[in-house]
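What follows is a set of notes on a single structure, which appears directly below.
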Amino acid sequence: MDTTTLVAGVDSSTQSTKIVVCDAATGRVVRQARADHPDGTEVDPEHWWAAFTRASSGLLDGVAAIGVAGQQHGMVTLDESGAVVRPALLWNDTRSAGAAEDLVADLGGPAEWADATGSVPVASFTVTKLRWLADNEPEAADRVARVLLPHDWLTWRLLGSGDPVTDRGDASGTGYFSPGKNAYRGDLLRLAMRGREPALPAVLGPAEPAGHTDGGMLVSAGTGDNMAAALALELAEGDVVVSLGTSGTVFGVSATAPADASGVVAGFADATGRFLPLACTLNAARVLTATAELLGVDLAGLDQLVQTAEPGAAGLTLLPYLDGERTPNLPGATGSLLGLRRDNLTPANVARAAVEGMLCGLAAGLDAVRDHGITPRRVLLTGGAAQSAGVRAVAPIVFGVPVVVPEPAEYVAIGAARQAAWALSGGPRPPVWQTRGAEKVLPPDELNSRVGQEVRQRHDAARTRVHAEELRKDS
Ligand SMILES: Nc1ncnc2c1ncn2[C@@H]1O[C@H](COP(=O)(O)OP(=O)(O)O)[C@@H](O)[C@H]1O
Ligand SMILES: O=C(CO)[C@@H](O)[C@H](O)COP(=O)(O)O
């Protein structure tokens, strides 16, 4: 008789839901499934539940515990009866950019926010979406009895009853939670909602169970997707993750609470009791799909083109602000392709410039986390677009530290499963799992090579110029 204890982890991210079922003792993935989400930055949470239901069909037999990790920051509003008040506004919805500016001013400036919550809110943060709601849909705001994050809502749906809960990792992305003090800032919630104060989910400890499903599965607290990836990858000192999904994120684990008044690094909490300094861009994997579409090739064709071009794309610079941008905070910006000449305007150079542009934004994020408690010794490249051969060719050139690609796996879902195993065991630490598997070390390509530095300088200069132009437009 098979006596293996099974645990499941869910990654409900921007584009899809992925579920893994793992051996609770070792972390070995036994089976997995996925289901897509609809496109858009405003989504009825029922779509996430429908995707979870599709992906989990027949998958969870014999599973003892489950944990949910979700895209961070999304604003899920519920009325007194628990019904959704309006579709959720996602992290990549930029309509609350003006509300963010107002809120920063209302509290006295960026330093006050960094001090209070570890982060300076931009349009991604829940707190700014609530201010937008209060100012633009006041009748809906009046009906909001409770505010949840995507993972809180899914965890609550899984439990089927009781009061919703969250964890400090995901709570730290709301803008009304202090990671350093481990407590909500009700005053900031009231400030955002112009005096209204909806209920918030109780914040559970890292291994505290949220309850059980009707079928008897233990449900763990869950967390944000980046926090779950950090838990799966068990980051050592000097390890920095660069994740290339819909968003691009750069993060490491720190023992001290970061507070970056420049707003580049968000001072999030992790899923174990430590902190997760993180820089996030709005334009990552989809820059590659959009460029492939423009060039009339598939992703494999794009990879071939990237590898045909010389490093530096013969002087082409692509700023990939296709959906606006979050880091730098340029929600109204558009993309640009600079340095065009008759002799360099080739599909291969455009493809290479797209990858270089996407990764240079994250290299700037790497520099920023370096200033906030992290000493990057190597980059772990994860997320869907880490599979791209073009990305793998460019990454070592622009990051300037060794780059490692862990064996492809759904690390967010695995982190959620590890949290579930931890809650099931009730132990003081998460179970020891070898989740990272074989790693591929990318050739260093002369770290800090002349061409790498030239590409970074060109992108930094273009970014600074666009930043100045956007600020001029605003003033
Ligand atoms: N080989 C590849 N080359 C480039 N992009 C890829 C490749 N494989 C997957 N992707 C991209 O990765 C993205 C999905 O990554 P994922 O980390 O699951 O995103 P999210 O968590 O935001 O839903 C999609 O945009 C997809 O096009
Ligand atoms: O907003 C952030 C981080 O602060 C994003 O990283 C979201 O958590 C969405 O993640 P993906 O769906 O792109 O993985």
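By convention here, the first residue in the shown sequence is residue 1. For ligands, and for the atoms within them, numbers begin at 1 and follow the listed sequence.
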Fill in: ring-ring contact (aromatic ring centres under 6.0 Å, His included) partners of residues 256-305, not counting sequence neighbours, each pair once
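Passing the test, one end in residues 256-305: His73-Phe268.
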
Item to complete: Output every pair passing ring-ring contact (aromatic ring centres under 6.0 Å, His included) with a member in residues 354-386, not counting sequence neighbours, ordered by first then second residue.
Response: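 Every candidate ring-ring contact (aromatic ring centres under 6.0 Å, His included) pair involving residues 354-386 fails, so no pair, neighbours aside, qualifies.
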
Discussion item. Any donor-acceptor pair under 3.5 Å linking the side-chain atoms of Glu325 with those of Asn283?
Written reply: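 Short answer, yes.
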
Worksheet item: ligand 2: which residues have a non-hydrogen atom closer than 4.0 Å?
Response: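 Residues near ligand 2: Ser13, Thr14, Gln71, Gln72, His73, Trp91, Asp225, Asn226, Thr246, Ser247, Thr249, Phe268, Leu278, Cys280, Arg326.
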
Worksheet item: Is any side-chain N of the basic residue among Asp367 and Arg456 closer than 4.0 Å to the acidic one's carboxylate O?
Response: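 Salt bridge present between Asp367 and Arg456.
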
Practice prompt. Please determine if Glu46 and Arg157 form a salt bridge, counting it only when a charged side-chain N lies under 4.0 Å from a carboxylate O.
Written response: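 A salt bridge is present here (some side-chain N lies under 4.0 Å from a carboxylate O).
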
Item to complete: If the plane angle is over 60° it's perpendicular, under 30° parallel, otherwise tilted; pick one for Trp153 and Trp49.
Response: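 Ring orientation of Trp153 relative to Trp49: perpendicular.
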
Between the protein and ligand 1, are there any N or O atom pairs that come within less than 3.5 Å of each other, and if so, what are their names and distances?
residue  : atom   : partner : partner atom : Å
ligand 1 : 8 (N)  : Gly384  : O            : 3.3
ligand 1 : 15 (O) : Gly384  : N            : 3.4
ligand 1 : 17 (O) : Gly384  : N            : 3.0
ligand 1 : 18 (O) : Lys18   : NZ           : 2.4
ligand 1 : 21 (O) : Ser13   : OG           : 3.3
ligand 1 : 22 (O) : Thr246  : N            : 2.9
ligand 1 : 22 (O) : Thr246  : OG1          : 2.5
ligand 1 : 23 (O) : Gln15   : N            : 3.1
ligand 1 : 25 (O) : Gln15   : NE2          : 3.1

Worksheet item: When Thr41 is tested against each of Thr14, Asp93, Leu89 for side chain to side chain contact (heavy atoms under 4.5 Å, CB included), which residue passes?
Response: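 Per the side chain to side chain contact (heavy atoms under 4.5 Å, CB included) rule, the option paired with Thr41 is Asp93, out of Thr14, Asp93, Leu89.
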
Practice prompt. Mark yes or no for whether Thr117, through its side chain, and Tyr176, through its backbone, hold a donor-acceptor pair below 3.5 Å.
Written response: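 Answer holds: no.
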
Discussion item. Closer than 3.5 angstrom, by distance alone: can the side chain of Arg352 be matched with the main-chain N or O of Gln307 as a donor-acceptor pair?
Written reply: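 Between the backbone of Gln307 and the side chain of Arg352 there is no qualifying donor-acceptor contact (under 3.5 Å).
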
